[in-house]
Amino acid sequence: KNDNDKLDAETIVVNTIKEIGGSCTKSNLQEILKWPMYRIDLTISNSYKLVPWGENQVILFNDIGLTDEQKAGLLNLVNRSMTDGYTSIGVVYKELMFDRHLSALISQKGIDNKSKLAAIIKILKPTLRGHTNFMYEEGCMFTSFEEVILHHFNEGASRREIQNFALEHGYGDIMAGNLLSRLIEQEELIELDFDLLYPAHAFEISEEAVNQVIHFIEEQMKGKEYISLSNLKGYRRKLPSINFRWNPYLMKSILLKNNYRQINKIYRDYRYDRVLLVKKDSKIQTFEELVHFVLKEEYSGNMHEMNVYDFLVEKGVFREQDYAHNKVLPHEIKGYSNLVNVDNIGIVTLG
């Protein structure tokens, strides 16, 4: 029954498009057929005769008018673009643009963006899995581009190197940034040094070394509510030698797996932000709460913003500033709630 349903739906859509004249919008189809949009989408995505063609458009594959030679050329292009059983549409499209024989298809056949090319490839090479950007053959060891990144950079890399790798594979700037953020948030990539990201699965350290780090940090905290790893001194002498260089980022990555939490600013900048941790069960949840806590519990000096800023630098909460006019509390502290307020002459009050 399902096969008949699929066949029927496909045949109905194909015939409707033929009657209209070979191409139409999905909204047209919806009006004529009175089907819900998801049924139209499903019919198109399950079909080898129908091609999504730009925003909202659908055309018949045969109406693109590819010759057998062009089809073989495109297939060859895809196979040429495969590495270890995967490719990305960005890579294939770049190949298409620079192919002497096939680049004419871009203007002649209107294959003028990546999603159109992806739709054609899906029909020419039905064994390919994946979605619009990342495509892989059955049996490939990778089923997502994230997995490719983790495998490729198994000895660590900077943020820029990872983003460039994504750009080379046809991901746009924003998409590349999102891929990276997702890998860090899901702890697939961990920070082992300033701007050194490392695949979590490849990071090995003895239990004894981990325990020594935990013990060292507890000693440093002496029951305090928070610690700035950026301010720590003398840890290299105290900690055991391992395959990596001890630094605040490496310690943070170990501690986050052992009952600690990082306090991040809302507007983060890994280049300048201090590495601040609290115990998992601490009442302090936000950066603003931390600043409020430090000032309330530990500060009794002049409440002018510049003096307050200098004190917070001393405590490892803010970075140093060379110029007085830069010694201002970040907007996210002043602008969000009433825990920490700064008036128009720069006097700080605590809520």
Side-chain angles (χ1 to χ4, degrees), residues 10-11 13-32 37 40-137 145 148 163-179:
E10 183 183 58
T11 309
V13 172
V14 168
N15 291 342
T16 308
I17 293 176
K18 279 181 182 164
E19 281 165 28
I20 295 174
S23 92
C24 70
T25 65
K26 290 195 291 186
S27 320
N28 274 2
L29 284 173
Q30 199 179 15
E31 273 171 39
I32 295 166
M37 190 53 88
I40 292 171
D41 284 331
L42 196 64
T43 306
I44 294 166
S45 74
N46 286 336
S47 169
Y48 292 121
K49 295 177 182 172
L50 300 162
V51 190
W53 205 245
E55 204 57 44
N56 202 20
Q57 286 282 118
V58 194
I59 62 171
L60 299 174
F61 179 66
N62 288 342
D63 285 352
I64 299 171
L66 293 171
T67 65
D68 287 347
E69 195 182 342
Q70 287 165 338
K71 287 178 191 172
L74 283 170
L75 261 178
N76 180 25
L77 198 70
V78 175
N79 294 334
R80 216 165 61 213
S81 308
M82 302 294 276
T83 317
D84 298 333
Y86 76 87
T87 187
S88 74
I89 198 63
V91 170
V92 182
Y93 197 77
K94 210 182 290 177
E95 288 277 331
L96 176 64
M97 282 164 64
F98 295 111
D99 186 287
R100 273 185 318 139
H101 304 294
L102 294 169
S103 59
L105 294 177
I106 295 173
S107 55
Q108 284 172 10
K109 306 294 183 190
I111 308 174
D112 52 14
N113 66 36
K114 292 175 196 167
S115 55
K116 288 180 181 179
L117 181 60
I120 289 174
I121 289 169
K122 200 190 115 208
I123 292 173
L124 293 179
K125 196 174 171 75
T127 54
L128 275 188
R129 300 269 169 276
H131 42 84
T132 313
N133 214 1
F134 181 77
M135 300 190 283
Y136 60 95
E137 287 179 313
F145 191 61
V148 174
Q163 280 187 286
N164 284 345
F165 182 69
L167 295 175
E168 283 160 23
H169 282 79
Y171 288 83
D173 269 328
I174 291 174
M175 193 67 183
N178 290 345
L179 272 172

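Being a predicted model, the structure only gives us computed values, none of them experimental. Numbers for residues simply follow the sequence, beginning at 1. Heavy atoms only: backbone and side chains are in, while hydrogens, waters and symmetry mates are out.
Among all heavy-atom pairs drawn from E168 and K94, the shortest one is O-NZ, 3.6 Å. Between L77 and S81, the closest heavy-atom pair is O-OG, 2.7 Å. Across all non-hydrogen atoms, the minimal contact from D41 to K26 is OD1-NZ, 2.8 Å. Closest approach of A176 and A166 over heavy atoms only: CB-CB, 3.7 Å. Nearest heavy-atom pair across Y93 and I111 is OH-O, 3.4 Å. Listed here is the closest heavy atom pair of K125 and N79: NZ-OD1, 3.0 Å.
Between I121 and the options L74, T87, I89, a side chain to side chain contact (heavy atoms under 4.5 Å, CB included) holds for only I89.
The ring of Y48 has its center no closer than 6.0 angstrom to the ring center of F61.
Once rounded to the nearest 0.5 Å, the distance linking CD1 of I44 with CD1 of I59 reads 11.0 Å. Annotation: the span from I20 atom CD1 to I32 atom CD1 amounts to 3.5 Å, rounded to 0.5 Å. Here the CE-CG distance, from M97 to L117, works out to 11.5 Å after rounding to the nearest 0.5 Å. A distance of 8.5 Å separates CG of N76 from CG of D99, quoted to the nearest 0.5 Å. The CG atom of L102 lies 10.5 Å from the CZ atom of R100; values are rounded to the nearest 0.5 Å. Rounding to the nearest 0.5 Å gives a distance of 6.5 Å between CG of L29 and OG1 of T16.
Relative orientation of the H169 and F145 rings is tilted, given thresholds of 30° and 60° on the angle between their planes.
Counting only heavy atoms from C-beta outward, the side chains of L66 and L105 approach each other to under 4.5 Å. With contacts defined as side-chain heavy-atom distances shorter than 4.5 Å, the pair L128/Y86 does not qualify. The shortest distance between side-chain heavy atoms of L50 and I17 falls below 4.5 Å. N178 places none of its side-chain heavy atoms less than 4.5 Å from the side chain of Y171. Using a 4.5 Å heavy-atom cutoff, the side chains of E10 and N46 are not in contact. Considering only heavy atoms from C-beta on, E31 stays 4.5 Å or farther from T25 through its side chain.
Taking a 6.0 Å sphere around CG of N15, one finds it holds more than 12 heavy atoms contributed by other residues, nucleotides or ligands.
For the 3.5 Å distance criterion, the side chains of K114 and N133 fail to qualify, holding no donor opposite an acceptor.
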* To do: May I have the step-by-step check of side-chain contact (heavy atoms from CB on, under 4.5 Å) for E69 and H101, ending in yes or no?
  => CA-CA 10 Å; E69 195 182 342; H101 304 294; over 6 Å; no
